[in-house]
Amino acid sequence: MGSAHMRLDGTLELRMSARGPGAIAGEALFILKPDHPRYDGVRDHLGPIEPGGYARVMPFPPGVF
């Protein structure tokens, strides 16, 4: 789960977090430029998002990210 922001140049910033049993926790920031091989799949997964906008990030299906 997390949030996504699309910069004005189309670059996606994804801020992700995950929790597991006990005290397991992780956080990550992913930056994907429009020429990244997984960009289109990630953008499709996010749904409608415009430059300067934000979107909620739901869990990815296997192989998308």
Side-chain angles (χ1 to χ4, degrees):
M1 299 277 299
S3 64
H5 170 64
M6 180 182 280
R7 296 178 185 171
L8 296 179
D9 68 357
T11 299
L12 293 171
E13 296 180 6
L14 283 76
R15 297 178 188 280
M16 308 291 291
S17 65
R19 304 286 180 258
I24 297 172
E27 295 185 9
L29 169 65
F30 297 97
I31 309 277
L32 283 88
K33 294 188 177 198
D35 62 351
H36 190 280
R38 296 192 184 250
Y39 182 91
D40 291 335
V42 170
R43 185 157 182 201
D44 288 345
H45 177 75
L46 294 175
I49 184 171
E50 298 295 325
Y54 292 85
R56 183 174 180 189
V57 180
M58 299 304 291
F60 283 92
V64 174
F65 189 64

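Because the structure is a prediction, the values reported are computed rather than measured.
Distance CD1/Ile49 to CG/Asp44: 12.5 Å, rounded to 0.5 Å.
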Let me have the donor-acceptor pairs involving side chains of residues 1-13, under 3.5 Å, with sequence neighbours excluded, atom names and distances please.
unit_1, atom_1, unit_2, atom_2, d
His5, ND1, Gly53, O, 3.2
Arg7, NE, Glu13, OE2, 2.6
Arg7, NH2, Glu13, OE2, 3.0
Asp9, OD1, Thr11, N, 2.9
Asp9, OD1, Thr11, OG1, 2.9
Asp9, OD2, Thr11, OG1, 3.3

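Between Pro59 and His45, the closest heavy-atom pair is O-CE1, 3.2 Å. Between Arg19 and Ala25, the shortest heavy-atom distance links the atoms NH1-CB, 3.4 Å.
The closest side-chain heavy-atom distance from Met16 to Phe60 is below 4.5 Å.
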